[in-house]
**Q** 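Just passing along the structure, written as structure tokens.
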Amino acid sequence: MYSPSLLRRFFCFNSASSSSVTTFSSTNSKKMSLVFFGSPQVSATVLDALFNASAAPSSSFEVAAIVTQPPSRRDRGRKLMPSPVAQHALDRGFPSELIFTPERAGEETFLSSLRALQPELCITAAYGNILPTKFLNIPSLGTVNIHPSLLPFYRGAAPVQRALQDGVKETGVSLAFTVRDLDAGPVIARERLEVDDQIKASDLLALLFCKGSKLLINKLPSIFDGSAKVNAEPQDDSKATLAPKITPEESWLSFDEEALVLHNKVRAFAGWPGTRAKVLVVDDKSSNHNVLELKIITTIVRPDYKIQGNDVNDITFVKGALLFPCGGCTALEETFILYIKAVNDKLAESNFLISNSYNQRLFLSFLVSLVCWS
């Protein structure tokens, strides 16, 4: 039985019905105890792999508890919703009283509850909370993190986004022991992945966590028997690069930069915070003008199109797409714009598909020049 003090930091929601429900036992002395930490949808992929592996007859471990971000208000109704990991666990039939949602992982109430579970191993996958030293001392076999980069490259909060922003041709996923320094622990294993030049951050992140979950299941036996820690490869800190958190201010595109740089930024910032641009629309008959804000969703670099002379400031239509002149006489094709918004809020269009003939006529009736801003 769990004491009332243990239950205080749990949240309870009615779990939705699911076609895939797993039966969980509260204790099993023959199996290793594992606690999973994760929050977004990509983390649910890892949790699902752990659930499936733990349910196998030959499994040596069980998922004893789940730690995730507290419920938050999402969607249009602003309803208080559990994290995707919590919802997935409930859908799989995991006991709601074994789901922790501390505001911070350093809360003493939470740490006391975790100590009471006596976990051998903790697994983290995009949990979203800093783990203090007093937490790291609790699991006897340590804490293992799934990190979506080839460590020591891209340590930090946004490894996938920063890798795409840099235009890397190869990335990967790493399993590493967690230490106090950020993403600096010994690496158990890595898996490499070639990066398509059109893939966006959300798709790449999902792919890497899918590969990471398989890598984790494959390496769990060696983690449990201790050989993974003995054989883990220390990182070369001299080769480390950082992947700092993205800020909304970074979402603006400056067309002084080359097309490839902007294309990589659009891919990297897809979803959140997105990428935005401002253009000046001038009526060639009346000379009236308006500043529009565009949210750019999909782009293509046009190496076959070179900007000439007087075209350096003009946005044109070419084969059903907007062509933006960029730095170095390069061109960027905008194939999908989510919305058009006038800075003075007098004009708004949603789901602005460039191939749409109405939208082509809208732009072709104007001479469009780039807005320069610092």
**Q** What's the separation between atom CG in L332 and atom CZ in R302, rounded to the nearest 0.5 Å?
**A** 10.5 Å
**Q** Is the shortest side-chain heavy-atom distance between F209 and V160 below 4.5 Å?
**A**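 The answer is no, as the side chains (C-beta and beyond) never meet within the 4.5 Å cut-off.
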**Q** What side chain to side chain donor-acceptor pair (under 3.5 Å) pairs are there with at least one residue in residues 192-207, not counting sequence neighbours?
**A**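 Qualifying pairs: E170-R192, Q198-H263, K200-T298.
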**Q** Taking salt bridge (charged side-chain N to carboxylate O under 4.0 Å, His left out) as the test, write out the residues that go with R162, two or more places apart.
**A** E250
**Q** Measure the shortest side-chain to side-chain distance between V35 and P139 over non-hydrogen atoms and say whether it is less than 4.5 angstrom.
**A**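 SC-SC contact between V35 and P139 ruled out.
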**Q** Would a 4.5 Å heavy-atom cut-off, applied to side chains only, mark S43 and I146 as touching?
**A**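 The answer is no; the side chains never approach within 4.5 Å.
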**Q** Are V187 and I223 connected, step by step, through hydrophobic side chains (Ile, Leu, Val, Met, Phe, Trp, Tyr) whose heavy atoms are closer than 4.5 Å?
**A**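 V187 and I223: separate clusters.
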**Q** Just grab all the salt bridge (Lys or Arg N to Asp or Glu O under 4.0 Å) pairs involving residues 232-242, residues at least two apart or on different chains.
**A** R155-D237, R190-E233
**Q** Which pairs with one or both residues in residues 176-188 pass side chain to side chain donor-acceptor pair (under 3.5 Å), sequence neighbours excluded?
**A** T133-R180
**Q** If you look only at pairs with a residue in residues 206-215, which of them pass as a side chain to side chain donor-acceptor pair (under 3.5 Å), with sequence neighbours excluded?
**A**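 Not a single pair qualifies under side chain to side chain donor-acceptor pair (under 3.5 Å).
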**Q** Applying side-chain contact (heavy atoms from CB on, under 4.5 Å), name anything that partners D225, two or more places apart in sequence or on another chain.
**A** S222, S227
**Q** Group every Ile, Leu, Val, Met, Phe, Trp and Tyr by side-chain heavy-atom contacts under 4.5 Å, then state whether L215 and L141 land in the same group.
**A**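 Linked within one cluster.
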**Q** Return the CD to CD distance between Q69 and E103, rounded to the nearest 0.5 Å.
**A**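 Interatomic distance, Q69 CD to E103 CD, rounded to 0.5 Å: 8.0 Å.
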**Q** Check side chain to side chain donor-acceptor pair (under 3.5 Å) between T330 and all other residues, then give those that pass, not counting sequence neighbours.
**A** none
**Q** Report the C-alpha distance between L136 and T143 in whole Å, list the side-chain angles of each, state the deciding distance to 0.1 Å, and finish with yes or no for side-chain contact (heavy atoms from CB on, under 4.5 Å).
**A** CA-CA 7 Å; L136 297 176; T143 297; 4.2 Å; yes
**Q** Which residues satisfy the side-chain contact (heavy atoms from CB on, under 4.5 Å) test with T275, sequence neighbours excluded?
**A** L253, K265, V266, F269, I296
**Q** Once you round to the nearest 0.5 Å, how far does CG of L150 lie from OG1 of T171?
**A** 5.0 Å
**Q** Let me confirm one number: the CG-CD1 distance from N231 to I188, rounded to the nearest 0.5 Å.
**A**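 Here the interatomic distance stands at 10.5 Å.
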**Q** Decide whether V261 and I300 are clustered together by the hydrophobic rule: side chain heavy atoms of Ile, Leu, Val, Met, Phe, Trp, Tyr closer than 4.5 Å, transitively.
**A** no
**Q** Who are the ring pair (Phe, Tyr, Trp, His ring centres under 6.0 Å) partners of Y127, not counting sequence neighbours?
**A**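 Once residues adjacent in sequence are excluded, the partners of Y127 under the ring pair (Phe, Tyr, Trp, His ring centres under 6.0 Å) criterion are F37.
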**Q** Are the side chains of R92 and D48 in touch, meaning some heavy atoms are under 4.5 Å apart?
**A**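 A side-chain contact exists here, since the closest heavy-atom pair is under 4.5 Å.
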**Q** Working to the nearest 0.5 Å, report the span between NE2 of H147 and CG of L182.
**A**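 The distance works out to 7.5 Å.
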**Q** Give the intermediate values and the outcome of side-chain contact (heavy atoms from CB on, under 4.5 Å) for residues E191 and L193.
**A** CA-CA 7 Å; E191 184 165 338; L193 176 72; over 6 Å; no
**Q** Should F36 and V85 count as side-chain neighbours, where that means a heavy-atom distance under 4.5 Å?
**A**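 F36 reaches V85 side chain to side chain.
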**Q** Tell me every residue that passes ring pair (Phe, Tyr, Trp, His ring centres under 6.0 Å) with F177, counting only those two or more places apart in sequence or in another chain.
**A**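 None.
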**Q** I'd like to know whether F110 forms a side-chain contact (heavy atoms from CB on, under 4.5 Å) with V67, so could you lay out the CA-CA distance, the side-chain angles of the two residues, the decisive distance to 0.1 Å, and finally the verdict.
**A** CA-CA 10 Å; F110 163 68; V67 185; 3.8 Å; yes
**Q** Evaluate V42 against L208 for side-chain contact (heavy atoms from CB on, under 4.5 Å), listing each step before the verdict.
**A** CA-CA 9 Å; V42 289; L208 289 173; over 6 Å; no
**Q** Any side-chain heavy-atom pair from P248 and W272 closer than 4.5 angstrom?
**A** yes
**Q** Nearest 0.5 angstrom please: T45 OG1 to L50 CG, how far?
**A**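 Between T45 OG1 and L50 CG, I get 11.0 Å after rounding to 0.5 Å.
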**Q** For residues 115-126, which side-chain N or O atoms pair as donor and acceptor with protein atoms under 3.5 Å away, sequence neighbours left out?
**A**
unit_1 : atom_1 : unit_2 : atom_2 : d
R115   : NH1    : E108   : OE2    : 3.1
E120   : OE1    : S33    : N      : 2.6
T124   : OG1    : N145   : OD1    : 2.9

**Q** List the residues meeting side-chain contact (heavy atoms from CB on, under 4.5 Å) with T241, not counting sequence neighbours, and say none if there are none.
**A**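 side-chain contact (heavy atoms from CB on, under 4.5 Å) list for T241, sorted by chain: F153, Y154.
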**Q** Please work out whether the ring planes of F51 and H88 are parallel, tilted or perpendicular, with thresholds of 30° and 60°.
**A**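 Parallel, since the angle between the ring planes stays under 30°.
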**Q** Following the transitive rule for hydrophobic clusters with a side-chain heavy-atom cut-off under 4.5 Å over Ile, Leu, Val, Met, Phe, Trp and Tyr, establish whether L47 and V173 coincide in one cluster.
**A** yes
**Q** Measure the shortest side-chain to side-chain distance between I66 and F94 over non-hydrogen atoms and say whether it is less than 4.5 angstrom.
**A**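 Yes, side chains in contact.
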